[in-house]
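Input: a single structure, listed below in structure tokens.
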Amino acid sequence: MSDSEKYIPPEEGSIREHVYDGIEEFNKRLPNWWLFTLYIAIVFWVGYWFYYAQSGIPMSDGDKIDAEIARIQAAKLSTDLTIDDPSLWAMSQNPTFIANGKATYDSLCVACHLPSLRGKGENPAAIGPDLTDDEWIHGSAPTNLFHTVENGVATAGMPAWGPVLGTEKTAEVVAYVLSHHQAP
Ligand code: HEC
């Protein structure tokens, strides 16, 4: 290679010390557009990470999947509505059933069983018994509860809710009561 053909390096930047396989490297500043892109990416990352991972504002993917599974399960449980102990326990663990049952409970049952469900257990002047303890007047099986809510106890002042609510809403409110208990 003659001297005139020799590559003339740009003025700024020296040659870096290392040589690999005869290849040398200029020591040049990164271009501004490149640096700004990097800085903007860093700032964006902090905001993005904070919003998605820390703020709790958007629903996490796990929660979205849980909600979708609960929705499908609720649809299945109410499509082939079966009133037996395992089904009522399953309903008692389904957020949709619990939420619907709570709405019914809050409008129809609180007067006697209190918002805490603890009835006489919380306030001896309450009319209804405690629904959160393990003492059941009419049996502890989910189907026993269902039967009591559906048919009431005329002699004791527990109204019959079956005619008012129908099977599904009765099952929901029983599921809400059961959600305060440990499934076997
Ligand atoms: C007017 C008052 C009153 C209302 C309203 C009422 N209950 Fe009751 N409930 C009672 C009484 C009183 C008993 C106890 C019956 C007995 O002693 O045999 C009872 C018993 C029960 C039991 C059985 C408890 C056991 O120990 O076996 C369940 C379950 C129950 N209620 C659920 C409900 C639900 C769910 C609602 C709302 C849909 C509701 N109750 C609304 C008064 C009420």
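We count ligands from 1, going down the list as the structure has it; atoms in each ligand are counted the same way. This chain uses plain numbering: 1 for the first residue, then up along the sequence. Excluded from the calculations below are hydrogen atoms, water molecules and symmetry mates; all remaining heavy atoms, backbone and side chain alike, are included.
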Practice prompt. For this output row, return yes or no: ring centroids of W89 and H181 closer than 6.0 angstrom.
Written response: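 Ring-ring flag for W89/H181: false, centres at least 6.0 Å apart.
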Worksheet item: When Ile, Leu, Val, Met, Phe, Trp and Tyr are grouped by side-chain heavy atoms lying under 4.5 Å apart, directly or through other members, which residues fall in the same group as L35?
Response: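 L30, W33, W34, F36, L38, Y39, I42, all in the cluster of L35.
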Worksheet item: In a check of ring pair (Phe, Tyr, Trp, His ring centres under 6.0 Å) between Y52 and each of Y48, W49, F50, which one passes?
Response: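 Result for ring pair (Phe, Tyr, Trp, His ring centres under 6.0 Å) with Y52: Y48.
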Worksheet item: Would you call D106-K102 a salt bridge at under 4.0 Å N-O?
Response: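 Salt bridge between D106 and K102, a charged N being under 4.0 Å from a carboxylate O: yes.
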Worksheet item: Among all residues two or more places apart in sequence or in another chain, which pass the side-chain contact (heavy atoms from CB on, under 4.5 Å) test with A70?
Response: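 Applying side-chain contact (heavy atoms from CB on, under 4.5 Å) to A70 gives N94, P95.
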Discussion item. Applying side chain to side chain donor-acceptor pair (under 3.5 Å), can you list everything that pairs with S116, at least two apart in sequence or on another chain?
Written reply: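 Result, side chain to side chain donor-acceptor pair (under 3.5 Å) vs S116: E122.
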Give one line per pair: atom of ligand 1, protein atom, distance. Only N/O to N/O under 3.5 Å.
{"from": "ligand 1", "atom 1": "7 (N)", "to": "H113", "atom 2": "NE2", "distance (Å)": "2.8"}
{"from": "ligand 1", "atom 1": "9 (N)", "to": "H113", "atom 2": "NE2", "distance (Å)": "2.9"}
{"from": "ligand 1", "atom 1": "18 (O)", "to": "H138", "atom 2": "NE2", "distance (Å)": "2.5"}
{"from": "ligand 1", "atom 1": "26 (O)", "to": "I137", "atom 2": "N", "distance (Å)": "2.8"}
{"from": "ligand 1", "atom 1": "27 (O)", "to": "I137", "atom 2": "N", "distance (Å)": "3.2"}
{"from": "ligand 1", "atom 1": "27 (O)", "to": "H138", "atom 2": "N", "distance (Å)": "3.0"}
{"from": "ligand 1", "atom 1": "31 (N)", "to": "H113", "atom 2": "NE2", "distance (Å)": "2.9"}
{"from": "ligand 1", "atom 1": "40 (N)", "to": "H113", "atom 2": "NE2", "distance (Å)": "2.8"}

